[in-house]
Engineer: 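Shown below is the structure under consideration.
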Amino acid sequence: MTQRSLDKTGMWVTTLCALHCLLLPVILPLLSLIGLSFIGEELLERVILGTSIVLGIIALSAGIRKHAKFYPFVMLLLGGFVYWHKDSLGEMGEPIIILVGAGLIVAAHWINLRLVRQIKPATVSA
């Protein structure tokens, strides 16, 4: 998988994770009716977020080797930390924390893609 594909996959996984967390209170009663209540488990949320962070580390590491900028990596880790602590402000603050954490992770991938695209290929001299 290329670095670009990893960044795009990381953005999608993070977005799906955020949507999962934000929509879960609305759809949880319906999920139990059709036997899918496991989707509301904390463990599943942690696995999805963990997957997103691991994909991010891989993608951003490949990008850092090309552009040598570390701030997208810091954004990724900060976003993961914020997102992991989504319950720290209670039910009212949870959506805000989710959006901030997911936003930082998605922004880290987006910035990484932009930085890699800005690199000019080395010219070959004869």
Side-chain angles (χ1 to χ4, degrees):
M1 201 173 223
T2 67
Q3 179 266 319
R4 182 178 174 167
S5 298
L6 286 170
D7 274 320
K8 288 185 176 190
T9 302
M11 286 190 272
W12 276 106
V13 170
T14 303
T15 302
L16 290 174
C17 187
L19 289 173
H20 169 265
C21 289
L22 292 172
L23 296 176
L24 192 62
V26 176
I27 61 171
L28 191 57
L30 298 173
L31 293 175
S32 61
L33 288 174
I34 57 174
L36 296 176
S37 59
F38 71 92
I39 292 175
E41 296 293 324
E42 182 83 14
L43 177 62
L44 181 63
E45 292 178 14
R46 300 297 187 192
V47 167
I48 294 171
L49 179 57
T51 302
S52 175
I53 298 302
V54 168
L55 280 171
I57 289 170
I58 294 167
L60 272 62
S61 294
I64 288 170
R65 278 188 238 119
K66 295 176 183 173
H67 56 66
K69 307 265 192 282
F70 288 92
Y71 64 92
F73 195 76
V74 172
M75 290 173 64
L76 172 81
L77 296 179
L78 180 61
F81 179 81
V82 168
Y83 203 131
W84 190 270
H85 294 91
K86 66 183 175 69
D87 300 323
S88 63
L89 294 180
E91 283 185 31
M92 296 301 287
E94 187 174 337
I96 295 165
I97 291 177
I98 289 169
L99 291 173
V100 169
L104 283 167
I105 294 170
V106 171
H109 283 289
W110 185 78
I111 289 168
N112 191 52
L113 281 171
R114 302 283 297 182
L115 289 170
V116 169
R117 283 187 196 147
Q118 290 175 355
I119 297 171
K120 305 237 189 283
T123 57
V124 178
S125 56

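Both backbone and side-chain heavy atoms feed into the values below; hydrogens, waters and symmetry mates do not.
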Engineer: Report whether Val116 and Trp12 are members of the same hydrophobic cluster (ILVMFWY, side-chain heavy atoms less than 4.5 Å apart, transitive linking).
Structural biologist: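 No, Val116 and Trp12 fall in different hydrophobic clusters.
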
Engineer: First locate atom NE2 of His109, then atom OG1 of Thr9, and finally report the distance between them rounded to the nearest 0.5 Å.
Structural biologist: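 Going from the NE2 atom of His109 to the OG1 atom of Thr9 covers 9.0 Å.
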
Engineer: Could you tell me which residues satisfy side-chain contact (heavy atoms from CB on, under 4.5 Å) with Trp84, sequence neighbours excluded, listed by chain and number?
Structural biologist: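 Applying side-chain contact (heavy atoms from CB on, under 4.5 Å) to Trp84 gives Arg46, Leu49.
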
Engineer: Drop me the distance from Ile105's CD1 to Tyr83's OH, to the nearest 0.5 angstrom.
Structural biologist: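 Answer rounded to 0.5 Å: 7.5 Å.
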
Engineer: Just jot down the side-chain hydrogen bond (donor to acceptor under 3.5 Å, both in side chains) partners of His67, sequence neighbours excluded, or say none.
Structural biologist: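 So His67 forms a side-chain hydrogen bond (donor to acceptor under 3.5 Å, both in side chains) with Asn112.
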
Engineer: List the steps, then state whether side chain to side chain contact (heavy atoms under 4.5 Å, CB included) holds for Met75 with Ile111.
Structural biologist: CA-CA 10 Å; Met75 290 173 64; Ile111 289 168; 3.7 Å; yes

Engineer: Can you tell me how far CD of Gln118 sits from NZ of Lys66, rounded to the nearest 0.5 angstrom?
Structural biologist: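 Spacing of NZ (Lys66) from CD (Gln118) equals 14.0 Å.
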
Engineer: Considering only distance and modelled atom types, tabulate donor-acceptor pairs under 3.5 Å from the side chains of residues 50-64, sequence neighbours left out.
Structural biologist:
from	atom 1	to	atom 2	distance (Å)
Thr51	OG1	Val47	O	2.8
Ser52	OG	Thr14	OG1	2.4
Ser61	OG	Ile57	O	2.6

Engineer: So do Leu89 and Glu94 actually touch side chain to side chain, heavy atoms under 4.5 Å?
Structural biologist: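 Answer no - side chains too far apart.
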
Engineer: What's the spacing between Asp7 CG and Arg114 CZ if we round to 0.5 Å?
Structural biologist: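 One finds 13.0 Å between CG of Asp7 and CZ of Arg114.
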
Engineer: Say whether Ile97 and Met92 are linked into one hydrophobic cluster, either directly or through other cluster members, by side-chain heavy-atom distances under 4.5 angstrom.
Structural biologist: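 Not linked; separate clusters.
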
Engineer: What's the spacing between Ile98 CD1 and His85 NE2 if we round to 0.5 Å?
Structural biologist: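 So the gap between those two atoms works out to 14.0 Å.
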
Engineer: Keeping to residues at least two apart or across chains, list the side chain to side chain donor-acceptor pair (under 3.5 Å) pairs with something in residues 71-80.
Structural biologist: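 Applying side chain to side chain donor-acceptor pair (under 3.5 Å) to every pair that reaches into residues 71-80, excluding sequence neighbours, yields nothing.
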
Engineer: Under the side-chain contact (heavy atoms from CB on, under 4.5 Å) test, which residues partner Val100, sequence neighbours left out?
Structural biologist: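 With neighbours one apart ignored, the set is Val82, Ile96, Leu104.
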
